[in-house]
Amino acid sequence: MGGLPRRATWFSRVRAENGPERLYIAGPYEFLPFNEYDDTPSLVFAKSFIDAYKMLDYDRVYITPEERDWLTKYGGPDLPASFRVMGDTPLTDIVERNGKRIGFVLFPVPAKFFEATGEDVVKVEAVAEGLRGQVDLVVGISGWGRTNEQFYLEHASPALDVLIGTGPGSGMRGVIEGQGSTYWVRSLTKGKYLLLLDIKSWPDENRRWKKPETIDEKFEELDVRIPDDTAVRALFQGK
């Protein structure tokens with residue numbers, strides 16, 4: 001269950017302090033590992049995961065088809081309303097918050113031993129460009145892994161304002177790519193850290209990030225300083 005009980009406590013504290021200001025997003029591989037070397041969670045946890053994520057009340061949780069199938073098979077069909085399933089082609093999703101529209105580009109779910117090609121880049125880029133003009137911020141959600149995300153950034157026009165990556169490869173702090181227009185950051189896995197992305201100034205027509213003046217990030221460690229939410233913890237006890 002990773003740090004879900006502590007995550008719930010942190011969410012409650014931040015919501016009490018900031019109200020609806022923050023957007024709460026989770027990406028792929030929250031429930032199943034992206035490689036065969038990590039353990040798959042026990043089947044008895046599937047229903048607990050579903051109930052826990054309803055309590056966490058994310059704005060969006062982007063999951064792979066494999067995760068959807070695992071959760072619905074072993075936990076039941078009633079997934080939280082915030083869940084969206086990624087596909088084998090680029091998909092889009094728009095979320096509104098405080099008068100701003102954030103457009104998400106969901107990268108295709110990579111096959112095993114995936115290596116990105118120029119064709120893959122073009123498909124994602126076309127979808128991202130199609131969102132521009134409809135939203136205030138274009139954010140890519142990728143499970144491609146660090147090497148393939150680097151390939152994308154080296155070969156794409158800077159259609160994304162932000163690229164949040166996960167999958168194979170290490171997590172990393174944000175760096176500015178795409179001629180200054182794309183901020184690339186990779187989450188830390190295992191559920192023990194939260195990635196907090198701080199947009200201090202929304203992109204203008206020039207689309208040039210400057211860290212830390214206009215954008216920055218922080219990794220919040222869910223350690224012993226944050227107590228468990230007892231209701232979420234109870235979902236997993238005795239299983």
Is there a chain of hydrophobic side chains (I, L, V, M, F, W, Y, each step under 4.5 Å between heavy atoms) that links Val139 to Tyr152? no

Separation between CG (Asp78) and NZ (Lys54), nearest 0.5 Å, reads 3.5 Å

Step by step, would you call Val109 with Glu66 a side chain to side chain contact (heavy atoms under 4.5 Å, CB included)? CA-CA 10 Å; Val109 177; Glu66 184 181 12; over 6 Å; no

Closest heavy-atom pair and its distance - Ser142, Leu163: CB-CD1, 3.9 Å

Please name all residues satisfying salt bridge (Lys or Arg N to Asp or Glu O under 4.0 Å) with Arg60, sequence neighbours left out, ordered by chain then number. Asp93

Result for side chain to side chain contact (heavy atoms under 4.5 Å, CB included) between Val127 and one of Val138, Leu106, Leu91, Thr92 points to Thr92

Strictly by modelled atom types, are Asp51 and Ser48 linked by a side-chain donor-acceptor pair under 3.5 Å? no

Heavy-atom side-chain proximity of Leu23 to Ile102 below 4.5 angstrom: yes

Taking the six-membered ring for Trp, is the centroid-to-centroid distance between Tyr53 and Phe31 below 6.0 Å? yes

Side-chain donor/acceptor of Asp69 to backbone N/O of Thr72, under 3.5 Å: no

Atom CZ in Arg15, atom CH2 in Trp10: separation rounded to 0.5 Å? 9.5 Å

Count I, L, V, M, F, W, Y as connected when their side-chain heavy atoms are under 4.5 Å apart, and connections chain through other members. Are Ile25 and Val135 then in the same cluster? no

From CG (Leu131) to CD1 (Ile94), nearest 0.5 Å: 5.5 Å

Aromatic rings Trp70 and Phe49: how do their planes relate, parallel, tilted or perpendicular, breaks at 30° and 60°? tilted

Could you report the tightest heavy-atom contact between Gly143 and Pro110, atom names first, then the distance? O-CG, 3.3 Å

Kindly determine whether Phe104 and Arg84 satisfy side chain to side chain contact (heavy atoms under 4.5 Å, CB included), including the steps that lead there. CA-CA 11 Å; Phe104 292 94; Arg84 300 290 187 274; over 6 Å; no

Any side-chain donor near an acceptor of the partner, Thr166 and Arg186, under 3.5 Å: no

In the structure I gave you, are the side-chain heavy atoms of Trp209 and Ser201 within less than 4.5 Å of one another anywhere? no

Of Glu154, Glu149, Gln150, which is the lone residue that meets side chain to side chain contact (heavy atoms under 4.5 Å, CB included) with Glu177? Gln150

Residues Gln179 and Pro158: closest non-hydrogen pair is NE2-CD, 4.3 Å

Measure the spacing between CG of Asp223 and NZ of Lys192 and express it to the nearest 0.5 Å. 11.0 Å

Are any of the side-chain heavy atoms of Asp120 and Phe114 separated by less than 4.5 Å? yes

If you define the side chain from C-beta out and look only at heavy atoms, does anything of Pro80 sit under 4.5 Å from Asp57? no

Rounded distance [0.5 Å steps], CZ in Phe219 versus CZ in Arg173: 6.0 Å

Evaluate whether atom CD of Glu119 has more than 12 neighbouring non-hydrogen atoms of other residues, nucleotides or ligands under 6.0 angstrom away. no

Do the side chains of Lys100 and Ile199 get nearer than 4.5 Å, heavy atoms only? no

Run the salt bridge (charged side-chain N to carboxylate O under 4.0 Å, His left out) check on Glu30 and Arg7 step by step: do they pass? CA-CA 13 Å; Glu30 282 280 294; Arg7 194 186 307 186; 3.0 Å; yes

Could you tell me the separation between the CD1 atom of Ile226 and the CD atom of Glu221, rounded to the nearest 0.5 Å? 8.5 Å

Do Val105 and Leu137 share a hydrophobic cluster, counting only Ile, Leu, Val, Met, Phe, Trp and Tyr and linking them when any side-chain heavy atoms are less than 4.5 Å apart? no

What is the minimum heavy-atom distance between Glu129 and Ser157, and which atoms define it? OE2-OG, 3.4 Å

Worked verdict on Leu4 versus Leu56 for side chain to side chain contact (heavy atoms under 4.5 Å, CB included): CA-CA 9 Å; Leu4 284 182; Leu56 286 165; 3.7 Å; yes

Counting neighbours of NZ on Lys73 that are heavy atoms of other residues, nucleotides or ligands and sit closer than 6.0 Å, is the number greater than 12? no

Would you name the heavy atoms of Trp144 and Pro108 that are closest together and state the gap between them? NE1-O, 2.9 Å

I'd like to know whether Asn98 forms a side chain to side chain contact (heavy atoms under 4.5 Å, CB included) with Glu21, so could you lay out the CA-CA distance, the side-chain angles of the two residues, the decisive distance to 0.1 Å, and finally the verdict. CA-CA 7 Å; Asn98 296 334; Glu21 180 178 344; 4.1 Å; yes

Judged by atom type as modelled, is there a donor-acceptor pair below 3.5 Å linking the side chain of Ser42 to the main-chain atoms of Phe45? no

Student check: side-chain heavy atoms of Asp59 and Ser82 closer than 4.5 Å: no

Single-linkage hydrophobic cluster Phe83~Tyr74, side-chain heavy atoms < 4.5 angstrom: yes

Can you tell me if Arg97 uses its side chain to pair, donor with acceptor, with the backbone of Arg22 under 3.5 Å? yes

Whether over 12 other heavy atoms sit under 6.0 Å from Glu115 CD: no

Side-chain contact, heavy-atom cut-off 4.5 Å: Tyr62 with Ile164? no

Taking all heavy atoms of Leu197 and all of Glu217, pick out the closest pair and write down the distance. CD1-CB, 4.1 Å

Going only through I, L, V, M, F, W and Y residues with side-chain contacts under 4.5 Å, is there a path from Trp184 to Leu188? no

Mind checking salt bridge (Lys or Arg N to Asp or Glu O under 4.0 Å) for Arg101 and listing every partner two or more places apart, or none if nothing turns up? Glu96

Quick one: does Arg233's side chain have a donor or acceptor within less than 3.5 Å of a partner on Asp228's backbone? no

Decide if atom NZ of Lys123 counts as having more than 12 heavy atoms of other residues, nucleotides or ligands within a radius under 6.0 Å. no

How about Ser170 and Arg146: does a side-chain donor come under 3.5 Å of a side-chain acceptor? yes

Would you indicate whether the side-chain heavy atoms of Asp198 and Lys218 approach each other to under 4.5 Å? no

Over 12 foreign heavy atoms within 6.0 Å of NZ, Lys200: yes

